[in-house]
Amino acid sequence: MERTFAIDHVRNIGIMAHIDAGKTTCTERMLYYTGRTHKLGETHDGQATMDFMVQEQERGITIASAATTCVWHDHQINIIDTPGHVDFTVEVERSLRILDGAIGLFCAVGGVEPQSETVWRQATKYNVPRICFVNKMDRTGADFFAVVEKIRSILGANAVPIAIPMDQGPEFKGIIDLVKMCQVRYIEDPSGTIPQEEPLSEEWRPLAEKWRQNLLESVAELDEALFDKYCAGEELSEAEIVAAVRTATRTHLICPVLCGSAFRNKGVRRLLNAVVNYLPSPLDVPVTEGKDLGGESITRETSDAVPLSALAFKVVSNKHVGKLVYVRVYSGVLQAGSYIYNASKEKQQRISRIFRMHANHQENVDQLNCGEIGALVGLSDTVTGDTLCDPENPIVLEQIEFPEPVISVAVSPRKRNDREKLMSALAKLVEEDPTFSVKVDSETEDTLISGMGELHLDIILDRLRREFLVEVDSGAPEVAYRETISRSIEHEERFKKQSGGHGQYAHIIFRLEPLPAGSGFEFVDEVKGGNIPREYIPAVEKGIKDAMAKGPKAGCPCVDFRLTLLDGSAHDVDSSEMSFRTCASIGFKSAFLKAEAQLLEPVMKLTITTPEEFAGSITGNLCGRRGRIQGMDMIAGGQVIHALAPLANLFGYTSDLRNLTQGRAGFNMSFEFCEPVPQSIAEAVILERRKRRG
């Protein structure tokens, strides 16, 4: 089957920005003007094509990246609309891994907002060329030139306007195209807003010539032939400027900047032109690199004629077709009904069907060609990041890196019979989302779900209820407290029980001693003369371990002590393993409390990276959480704060940190050690745990 579009007429792009910059609105206009949709859907009324999840429609935000395909000026444009909320940064990460170009969207009022910085860094990490679109030019307070300056100063990009606004805010009339040197006014029409190109008026000529000069200087200095022509005072043609801007964009030397108002249907057609003119095709990006099964580096040419290589970048559970695996084809052709090799899992699998996606609608196709994006059905063992390839020519592509989850909550099914249903639903969600994890705490028996933030987990809980029909209760996870002793003590325990026939008898003398933090438990046998028969010594140790599992102070595991068995006695008839095990358990509980038992809590090591102006607020907040600042390091544009804080006081810290720093700080957390809980807090914890145990 022949290709519909040549590889150099394919564009794989993503739209990325801070939350509420207008990504989905912009995508809706692109789909409308390319004829893919026939009415404009809006995010605020829940009708946006790309926001098809119920949770997205209710909240008016994008949660999951959505893929679609449209055609503009005989070019196939595959678009991925990504979320702007930091909790769903994984969707941006995996999308940028497989895209050839991106549109960085900026609010004309907000400028470079915190999440703009995050997604820009992600695009830099994957070497993705970008163009910029300053949206919402019609809003009060809009300032195009200030946003351009922020892109330069905060993001470090060589932002070069190729279009500038005619007035700003509510007076925004249209744009000036600096490549064509014309002005574009927008005429309101029942069928939409129609752009009308006009010769440049004298009113706007000085401003246009100033920024045209900036554009010409920026591209001329990157091309020797153009530079000579420019210096000689010759006029550069439109085709020469477009070619120069395209090359400079593809090589990350400049970021072309356009402007408009997507909601008012202004500037979107120009943006589509820029996607076609300036962003790279699959042929323009470096050849695909990977490793063979022996670990040796190999490459794949971008062509339909070479062996297949494709990357699975997203997995979705679809109630109509089952498991959908989104893939980007880097070389060769994927055909429905064919067998492919999953090089990451070393398994052969069969593709039953292939879809070209349009948000949540599927268009059946027979094949995906080199450079295209689509979804496959039938790959039960494939997960995000797996490489799919020709069985005869295996290759493993670079994996996608995902951040570790930072927040957890405990969940339990409201109906006991739903336990299996819950675990099955959670397993599907884990398969879809690499930043979501599930584990069952062996100590508290809680099912803990972990994610990137409170909104992330809130969406998960909502999906459990709506998609998987499992009602769950949730709450903060129980902190894994420990118990230990603070002084040495000797203890004697005698256990006698007479119940008709053989009785039970055991007698032990032992010493308890505290050990350094992290030492665990030591059992030492110093019984002399066989006063306790050898066969009963292991039973004593088992009895101690039984009692250790749920300590006498708060029902928490006991740690960091040594128990030395010194002496004891046995009865020829009434002693048994069970009697010594019971005696040891009773004696240990009694002795442990006399040895000044303490409650221990896990202390976490925090590394917080923040802009300098927020350092004081962060340290103050940490002190309020019983945190201790260990040190501070200066870095470019900010500070790194090293601190220790009890885990019990860190629930909700992710949201607090974002609120304190406008979302511009980040942190990671790891377990450091356990230390005694202050007495007043320990009493409250013990009381709460006793209530819970009834």
Partner set under salt bridge (charged side-chain N to carboxylate O under 4.0 Å, His left out) for Asp8, not counting sequence neighbours: none
When you measure from the side chain of Glu431 to the backbone N and O of Val315, does any donor-acceptor pair fall under 3.5 Å? no
Let me confirm one number: the OG1-CD1 distance from Thr610 to Ile618, rounded to the nearest 0.5 Å. 3.5 Å
Out of the candidates Asp177, Val184, Val268, only one should pair with Pro195 under the side-chain contact (heavy atoms from CB on, under 4.5 Å) rule; please name it. Val184
Report the residues that fulfil salt bridge (charged side-chain N to carboxylate O under 4.0 Å, His left out) with Arg212, sequence neighbours left out, ordered by chain and then residue number. Glu235
Roughly how far, to the nearest 0.5 Å, is CG of Asn273 from CG of Leu258? 9.0 Å
Taking atom types as modelled and ignoring hydrogens, do the side chains of Arg29 and Asn265 form a donor-acceptor contact shorter than 3.5 angstrom? yes
Between Arg264 and Met137 (side chain of the first, backbone of the second, donor and acceptor by atom type, cut-off under 3.5 Å), is there such a pair? no
What distance separates Thr435 OG1 from Glu432 CD, expressed to the nearest 0.5 Å? 11.5 Å
Do Gln362 and Asn364 meet the criterion of a side-chain donor-acceptor pair at a distance under 3.5 Å? no
Among Ile79, Thr27, Ile131, find the residue that satisfies the side-chain contact (heavy atoms from CB on, under 4.5 Å) test when tested with Ile103. Ile131
Mind running side-chain hydrogen bond (donor to acceptor under 3.5 Å, both in side chains) on Asn369 and Gln367 for me, showing each step along the way? CA-CA 6 Å; Asn369 297 303; Gln367 66 183 45; 2.7 Å; yes
Any side-chain donor paired with an acceptor under 3.5 Å for Thr124 and Arg130? yes
Could you go step by step and tell me if Lys428 and Glu467 meet the side-chain contact (heavy atoms from CB on, under 4.5 Å) rule? CA-CA 11 Å; Lys428 286 180 180 174; Glu467 287 178 39; over 6 Å; no
Kindly assign one of parallel, tilted or perpendicular to the pair Tyr326 and Phe313, based on the angle between their ring planes and the thresholds 30° and 60°. perpendicular
Counting only heavy atoms not in Glu171 (residues, nucleotides, ligands), do more than 12 fall under 6.0 Å from its CD? no
